[in-house]
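Structure, as structure tokens:
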Amino acid sequence: MLEKILPHAMLKAGPNLESRIRTLKKDWAIVYDMLSGKDNSSFGWDEHRQLVVAKDAVWHSHKEVGQFRHHSFPYYDQLTTIYAKD
């Protein structure tokens with residue numbers, strides 16, 4: 001479709017889509033580990049806002065996942081269906 005709409009732009013959808021899928025899978029794995037991992041008692045899930053929730057002290061002690069503090073992750077349920085292991 002991109003080639004039909006923008007024939008001289010030389011855009012390739014494949015690499016962009018593959019990159020987006022890798023990013024979504026990586027982000028899903030982080031959120032899944034936060035919620036289902038061995039240290040999951042500190043984190044919760046706000047279904048309405050599609051957001052990981054925790055007390056301030058928890059966020060301060062887990063700075064490596066701070067990117068998910070204020071950003072929703074609306075695809076979590078769908079990606080869990082795809083990637084979660086039984």
Side-chain angles (χ1 to χ4, degrees):
M1 286 178 64
L2 284 173
E3 195 170 324
K4 285 182 181 181
I5 295 170
L6 303 167
H8 302 292
M10 298 180 58
L11 296 173
K12 301 286 184 194
N16 292 328
L17 292 174
E18 290 168 7
S19 174
R20 180 66 176 146
I21 289 169
R22 279 192 305 274
T23 300
L24 282 171
K25 187 175 182 179
K26 179 182 67 80
D27 289 350
W28 170 83
I30 293 168
V31 172
Y32 185 79
D33 286 343
M34 290 167 64
L35 299 173
S36 304
K38 58 185 172 203
D39 187 24
N40 67 339
S41 62
S42 303
F43 295 102
W45 181 252
D46 182 334
E47 189 68 36
H48 177 69
R49 296 184 301 163
Q50 299 289 296
L51 186 71
V52 177
V53 292
K55 294 181 180 180
D56 287 338
V58 174
W59 289 113
H60 291 301
S61 65
H62 291 88
K63 292 182 182 192
E64 69 279 2
V65 294
Q67 66 185 358
F68 296 103
R69 184 174 187 177
H70 299 291
H71 292 92
S72 66
F73 195 65
Y75 305 112
Y76 179 74
D77 292 331
Q78 293 90 340
L79 292 173
T80 299
T81 301
I82 295 168
Y83 294 121
K85 296 176 179 75
D86 292 345

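These values consider heavy atoms only, across backbone and side chains, with no hydrogens, waters or symmetry-generated copies. Values in this document were obtained by computation on a predicted structure and should not be read as measured data.
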Distance-only donor-acceptor hits, side chain of residues 22-30, under 3.5 Å, sequence neighbours excluded:
residue: Thr23; atom: OG1; partner: Ser19; partner atom: O; Å: 3.0
residue: Trp28; atom: NE1; partner: Thr80; partner atom: OG1; Å: 2.9

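Atom OH of Tyr75 has 12 or fewer heavy atoms from other residues, nucleotides or ligands within 6.0 Å.
By the criterion of side-chain heavy atoms lying less than 4.5 angstrom apart, applied directly or through intervening Ile, Leu, Val, Met, Phe, Trp or Tyr residues, Val53 is not grouped with Phe73; the two fall into different hydrophobic clusters.
One finds the CD1 atom of Ile21 at 10.0 Å from the CG atom of Leu79 (value rounded to the nearest 0.5 Å). Taking OH of Tyr76 as the start and CE of Met34 as the end, the distance is 10.0 Å to the nearest 0.5 Å.
Distance alone, capped at 3.5 Å, is enough to place a donor-acceptor pair between the Ser61 side chain and the Val58 backbone.
Scanning all heavy atoms of the two residues, the minimum distance from Ser42 to Ala54 falls at O-CB, 3.4 Å.
Looking at heavy atoms from C-beta onward, Phe68 lies out of side-chain contact with Leu51 at the 4.5 angstrom threshold.
Each salt bridge (charged side-chain N to carboxylate O under 4.0 Å, His left out) pair with one or both residues in residues 50-76, not counting sequence neighbours, appears once here: Asp56-Arg69.
Shown here are the side chain to side chain donor-acceptor pair (under 3.5 Å) partners of Glu47, two or more places apart in sequence or in another chain: Trp45, Gln50.
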